[in-house]
Amino acid sequence: MNNLIEAMVQRAAQCPQRVALPEAESPDVLRLAARLVETHVATPVLVGDASRVKAVLDCERIDGDGFDYFDLSDESAVEAFERDYIERYSDFKPKALRRRVLDPLLCSMLLVKAGVVDGVAAGKECPTADVVAAAMQIVGLAPGVESPSSLGIADIPGFDGSEGSMLALADCAITAWPDAEELAGIAMASADTVSLLLGWEPRVALLSFSTCGSAEHETIEVVRRAVEIVHERRPDLACDGELQLDAAIVPSVAEHKVPRESAVAGKANVLVFPNLHAGNIGVKLIQIFGHANAYGPVLQGFAAPVCDFSRSAPLEEMLGNVAMLVVRAAAGKEE
């Protein structure tokens with residue numbers, strides 16, 4: 001097990017939570033559920049037709065001890081949940097609620113909103129866009145958040161930065177073309193995520209093709225305004241920009257390119273890309289050519305904890321993602 005995943009699993013095992021798994025008929029997800037029980041990270045709550053899930057368990061010879069179920073074929077259980085939900089919330093009429101309850105992904109979001117589970121983990125069988133759309137429709141955004149975002153954690157062989165071989169990268173999966181408010185929100189959420197999960201003192205660089213005015217373009221103004229917003233709202237946070245990548249993480253380049261004092265330049269540990277084109281390309285470049293391991297994405301900004309698996313994610317990576325979800329869910333209860 002990778003050191004980062006092992007550390008997350010150990011932390012999560014100290015504060016296990018209930019995690020809904022809507023892709024409950026996937027053999028890979030069921031193997032994950034077994035690992036969650038084995039490592040004491042979480043109680044997996046399998047959302048779907050329980051008899052069909054158990055048939056897959058038998059076929060795959062997976063031990064289902066310790067699993068919990070929200071059985072969508074159990075009419076009395078579904079009706080009881082719907083009655084309780086309607087008493088507490090007024091966002092859906094009964095027929096609209098029933099349609100959502102019978103969809104495992106949407107039902108999982110309803111369960112976390114209602115506090116039946118502590119988090120939702122999905123994405124092994126469905127695209128990120130579906131997970132995000134379901135979370136937006138049901139869970140909604142946390143107060144003060146303009147848009148959801150994602151953060152990935154990269155372990156890059158041969159890189160020697162301020163956190164050794166590791167860097168945090170945002171946003172590489174969700175917001176295609178953030179405006180200044182959204183970009184500032186991504187920066188602040190990412191700083192809080194790495195502080196909570198990794199214990200880092202965040203140093204956030206907002207990236208650009210320009211460093212400190214070396215170029216001019218209307219898109220650079222978005223980055224500059226985002227930095228101003230972060231400084232206004234979170235003066236405690238070390239955040240700088242606009243910075244080119246080398247000026248953000250290479251001390252000798254920062255010394256040459258950045259003509260002012262900076263707590264971030266040359267030693268950034270959180271990189272915020274200006275748009276999803278750059279973020280998606282950037283993370284794939286370091287994975288393919290730098291042979292980096294990338295963990296996540298950690299979804300940020302929702303009113304309840306949600307995580308999204310890469311559809312190609314191996315079992316241990318999925319375990320690490322859920323462990324991070326559990327740590328965040330437990331921390332949210334302490335606030």
Side-chain angles (χ1 to χ4, degrees), residues 17-37 41-60 62 64 66-86 88-89 91-140 148 173 297 299 302-313 315 318-319 321-322 325-326 329:
Q17 308 285 302
R18 288 168 53 80
V19 176
L21 300 173
E23 298 156 317
E25 294 180 41
S26 163
D28 287 339
V29 171
L30 293 177
R31 292 186 186 95
L32 168 66
R35 286 287 282 144
L36 294 174
V37 172
V41 163
T43 297
V45 180
L46 304 176
V47 181
D49 185 319
S51 63
R52 288 163 55 179
V53 174
K54 291 172 181 176
V56 178
L57 287 171
D58 290 341
C59 181
E60 298 290 330
I62 298 169
F67 293 8
D68 200 355
Y69 296 86
F70 188 84
D71 186 359
L72 297 183
S73 68
D74 184 339
E75 184 67 21
S76 62
V78 168
E79 288 181 353
F81 173 73
E82 290 172 342
R83 285 194 300 271
D84 179 68
Y85 188 93
I86 287 172
R88 297 171 60 191
Y89 306 101
D91 47 350
F92 298 114
K93 301 289 186 182
K95 287 185 179 180
L97 179 62
R98 170 55 66 100
R99 288 197 301 272
R100 286 161 176 80
V101 169
L102 295 180
D103 179 303
L105 180 58
L106 294 176
C107 181
S108 296
M109 300 299 175
L110 291 166
L111 292 174
V112 74
K113 180 176 179 177
V116 177
V117 299
D118 303 300
V120 178
K124 185 62 177 173
E125 301 293 332
C126 61
T128 295
D130 289 357
V131 178
V132 172
M136 286 290 288
Q137 179 185 153
I138 306 295
V139 176
L299 298 185
F302 292 112
V306 178
C307 88
D308 171 57
F309 305 125
S310 166
R311 280 178 283 176
S312 61
L315 177 58
M318 295 166 67
L319 174 64
N321 285 2
V322 176
L325 177 79
V326 165

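If you read the sequence from its start, that first residue is 1, and numbering goes on from there.
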For the [atom1] atom of [X] and the [atom2] atom of [Y], what is their distance to the nearest 0.5 Å?
| X | Y | atom1 | atom2 | result |
| --- | --- | --- | --- | --- |
| Phe309 | Leu21 | CZ | CG | 6.5 Å |
| Ile138 | Phe302 | CD1 | CZ | 12.0 Å |
| Ile86 | Lys93 | CD1 | NZ | 9.5 Å |
| Asp71 | Lys54 | CG | NZ | 7.5 Å |
| Thr128 | Asp308 | OG1 | CG | 3.5 Å |
| Tyr89 | Leu97 | OH | CG | 11.5 Å |

Close side-chain approach of [X] and [Y], heavy atoms under 4.5 Å:
| X | Y | value |
| --- | --- | --- |
| Leu315 | Asp28 | no |
| Arg31 | Met318 | no |
| Phe67 | Val53 | no |

Under the side-chain hydrogen bond (donor to acceptor under 3.5 Å, both in side chains) test, which residues partner Glu23, sequence neighbours left out?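 For Glu23, no residue satisfies side-chain hydrogen bond (donor to acceptor under 3.5 Å, both in side chains) once neighbours in sequence are set aside.
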Determine whether the side chains of Thr43 and Asp68 contain a donor N or O and an acceptor N or O closer than 3.5 Å.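 No, no side-chain donor-acceptor contact under 3.5 Å.
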For [Y], is there any backbone N or O sitting under 3.5 Å from a side-chain donor or acceptor partner on [X]?
| X | Y | result |
| --- | --- | --- |
| Asp118 | Arg18 | yes |
| Tyr85 | Phe92 | no |
| Lys124 | Ala313 | yes |

Looking at [X] and [Y], what are the two nearest heavy atoms and their distance?
| X | Y | result |
| --- | --- | --- |
| Leu46 | Ala33 | CD2-CB, 4.4 Å |
| Val117 | Ala20 | CG2-CB, 3.9 Å |
| Val56 | Pro27 | CG1-CG, 4.2 Å |
| Val139 | Ala304 | CG1-N, 3.4 Å |
| Ala24 | Leu30 | O-CD2, 3.2 Å |
| Gly64 | Leu57 | CA-CD1, 4.2 Å |

With Arg99 via salt bridge (Lys or Arg N to Asp or Glu O under 4.0 Å) - residues at least two apart: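 Testing Arg99 for salt bridge (Lys or Arg N to Asp or Glu O under 4.0 Å), a comparison that skips the adjacent residues, returns none.
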Residues which pass salt bridge (Lys or Arg N to Asp or Glu O under 4.0 Å) with Asp84, listed by chain and number, not counting sequence neighbours: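 Listed in chain order: Arg88.
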Sidechain N-carboxylate O distance under 4.0 Å for Asp91, Arg100: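 No, no charged N to carboxylate O under 4.0 Å.
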Could you tell me whether Arg98 atom CZ has more than 12 heavy atoms of other residues or ligands within 6.0 Å of it?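 Counting neighbours around CZ of Arg98, more than 12 heavy atoms of other residues, nucleotides or ligands fall under 6.0 Å, so yes.
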side-chain contact (heavy atoms from CB on, under 4.5 Å) between Val131 and Leu299: does it pass, once the steps are laid out? CA-CA 10 Å; Val131 178; Leu299 298 185; 4.2 Å; yes
